Novice: 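A single structure is presented below for examination.
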Amino acid sequence: MSSPYHLQGIPTTTLADEFGLPLYVYDADRIIDQINQFRAAFRGVNLKIKYATKALTNLSILKLMRMQGVEVDVVSVNEARLARMAGYAPGQIMYTPSGNAWTEIEEAIRMGLRLNVDSLPLLEQVGETYGSSVPVCLRINPSVADGGNLKIQTGHADSKFGIPHALRADIARVVAHYGIVVEGLHVHTGSDFKSARTFLQGAEVLFDLAGDYPDLQFMDFGSGFKVAYREGDHVTDMAELGAAMSEAFGAFCARYGRELELWFEPGKFLVSESGHLLVGVNVVKQHPTRTFVQVDSGLNHLIRPMMYDAYHEIVNLSNPAGTPTTYDVVGYICETDTFATNRVLPEVRPGDVLSIENAGAYGFSMASTYNLRSRPAEVLIYEGTAHLIRQRDTFEDLTRGMVDVDLLNTVETI
Ligand SMILES: *Cc1c(COP(=O)(O)O)cnc(C)c1O
């Protein structure tokens, strides 16, 4: 079992000593476990996992995925370039734009990526420019929603994503007009659906639509698999979903007359729990109504609490047996910058190392250099050894690209 205190047998605080703080640490075993759990849930179908690169965008993580037989979904050409560096063949990379520039789409096509088309105008343009020579996948918006956080839902009718299912006839007309080969259908209902039922509703929309397209190779059901951020959180029951989806998909393939591949694009599910953001405590200060723990990190490194009101467990690695005390854990950014409010932790002292849990997905990949702060280093623990997989930004990294125009035309130097 993994514990925040020991990762693959390595005492976590020694990583802080070795690599410095703040530090992102990822446990490869945890990622591999999640992949295996995913596969186990979908036994009996022709499953392909396409890791959503944007969740944790690091060369070594992509290499780990590739070693595990996991392919990738990318949302930008730069992510695709990184996937190529990690050894992926173009055909293993699904490119899912969201209103991206036509010049970038053309580049993706030149690179030989698989193209997921997210709008009718883009479908037109691909047809007009490439006719039948570029196969496409169609990203359909099924107008399915299931409560939860609106910021991370993508499958409801008012969401910007995909081609509305209501335009079914228009899609078919454009496809027929240009002779476009439709090799896949895609739906991604976002990261906050609550039940297997919502997933199956989205699936039924695609199964029905498949009747319009005889050349399908795969159906891509995106992602949206939840993991627990705190005890008692609703999570996706993978076994239940896998069994229900496998059965529904099997029945669909029988109707369709051919065995298709079943694709998923998990991001958060594969990497969230592997990640720990280790931070150091700078100051503990008592105000009349609350006690603040001020750490050497902030929303520049992990924006989820401020952006999504996300809850992240926090562990005091340095003083696990301390007296339980209530704190607000806050960052050092000059804005409201709160990791946790009214959180009970074992007594926190200056110099303690805290671990912010579940930091693997949308942690580093959404980090910025706001306040001209360095982004943390990243470490991957693989087969019992800690590997530095990204260096901490230096001051030179932060200022690279700034051009000194000498506006005042002075000869003074700073
Ligand atoms: C972000 C994204 C995913 C991954 O979503 P998770 O909730 O992290 O699993 C999958 N597919 C597409 C197209 C995405 O944009």
Side-chain angles (χ1 to χ4, degrees), residues 26 31 34-35 37-38 41-42 48-58 61-62 65 70-80 83 93-100 105 108 113-119 122 136-142 144-146 148-156 159-163 184-194 198-199 202-203 206 218-229 233-236 238 241 245 262-275 302-304 307-308 310 358-366:
Y26 312 109
I31 296 174
Q34 294 296 101
I35 295 169
Q37 198 184 324
F38 205 101
F42 290 93
K48 264 199 182 163
I49 305 177
K50 303 265 171 177
Y51 167 59
T53 307
K54 73 177 191 286
L56 173 52
T57 317
N58 183 289
I61 297 292
L62 290 184
M65 294 292 177
V70 169
E71 300 184 350
V72 286
D73 181 77
V74 303
V75 292
S76 72
V77 155
N78 282 341
E79 282 186 357
I93 305 171
M94 175 71 147
Y95 173 72
T96 299
S98 171
N100 296 1
I105 306 282
L113 312 182
R114 289 181 188 262
L115 177 63
N116 201 357
V117 171
D118 75 315
S119 75
L122 177 57
V136 303
C137 176
L138 300 174
R139 178 171 189 174
I140 303 298
N141 184 330
V144 172
D146 192 20
N149 191 332
L150 266 182
K151 282 192 189 159
I152 51 177
Q153 279 180 20
T154 60
H156 58 89
S159 142
K160 70 168 180 174
F161 294 101
I163 311 176
L185 296 178
H186 171 273
V187 64
H188 170 59
T189 47
S191 289
D192 215 12
F193 74 92
K194 287 210 170 55
T198 311
F199 220 92
L206 287 204
F218 61 88
M219 288 231 178
D220 181 346
F221 291 99
S223 181
F225 306 103
K226 292 192 67 168
V227 296
Y229 281 82
D233 257 6
H234 170 86
V235 299
T236 305
M238 288 303 293
L241 179 70
M245 266 300 286
L262 178 59
W263 292 15
F264 287 99
E265 303 164 344
K268 181 182 286 182
F269 184 82
L270 298 189
V271 297
S272 178
E273 291 156 305
S274 78
L302 179 68
I303 204 173
R304 298 188 75 261
M307 186 154 164
Y308 304 122
N358 250 307
Y362 309 105
F364 190 93
S365 68
M366 292 178 90

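This chain uses plain numbering: 1 for the first residue, then up along the sequence. Ligands are counted one by one from 1 in listed order, and the atoms in each one are counted from 1 as well. Quick caveat, the model's predicted, so the values are computed rather than measured.
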Novice: Evaluate the side-chain proximity of D73 to W263: yes if any heavy-atom separation is below 4.5 Å, no if none is.
Specialist: no
Novice: Taking 4.0 angstrom as the limit and counting only heavy atoms of A52, give me the atoms of ligand 1 inside it, by number and element.
Specialist: 3 (C), 4 (C), 10 (C)
Novice: Could you tell me which atoms of ligand 1, counted from 1 in the order shown, lie closer than 4.0 angstrom to a heavy atom of T96?
Specialist: 13 (C)
Novice: At a non-hydrogen distance cut-off of under 4.0 Å, which region of P266 contacts ligand 1 (side chain, backbone, both, or neither)?
Specialist: backbone
Novice: Does only the side chain of E265 get under 4.0 Å from ligand 1, or the backbone, or both, or neither? Count heavy atoms.
Specialist: both
Novice: Do N100 and Y95 come close enough that some side-chain heavy atom pair is under 4.5 Å?
Specialist: yes
Novice: Purely on distance, is any nitrogen or oxygen of K54 under 3.5 Å from one on ligand 1?
Specialist: yes
Novice: So for ligand 1, is G267 a polar contact partner (N or O within less than 3.5 Å, distance only)?
Specialist: yes
Novice: Considering only heavy atoms, does Y362 approach ligand 1 within less than 4.0 Å through its side chain, its backbone, both, or neither?
Specialist: side chain
Novice: Does some non-hydrogen atom of A361 fall short of 4.0 Å from ligand 1?
Specialist: no
Novice: Between D73 and ligand 1, which residue portion shows a heavy-atom distance shorter than 4.0 Å: side chain, backbone, both, or neither?
Specialist: side chain
Novice: Any side-chain heavy-atom pair from M65 and I31 closer than 4.5 angstrom?
Specialist: yes
Novice: Which of the numbered atoms in ligand 1 are under 4.0 angstrom from any heavy atom belonging to K268?
Specialist: 6 (P), 8 (O), 9 (O)
Novice: With a 4.5 Å heavy-atom cut-off, do P266 and I49 have their side chains touching?
Specialist: yes
Novice: Using the side-chain hydrogen bond (donor to acceptor under 3.5 Å, both in side chains) definition, which of the options H188, K48, H186 pairs with E265?
Specialist: H186
Novice: Is the centre of the Y362 ring less than 6.0 Å from the centre of the Y308 ring?
Specialist: no
Novice: Centre-to-centre under 6.0 Å for F38 and Y51, is that the case here?
Specialist: no
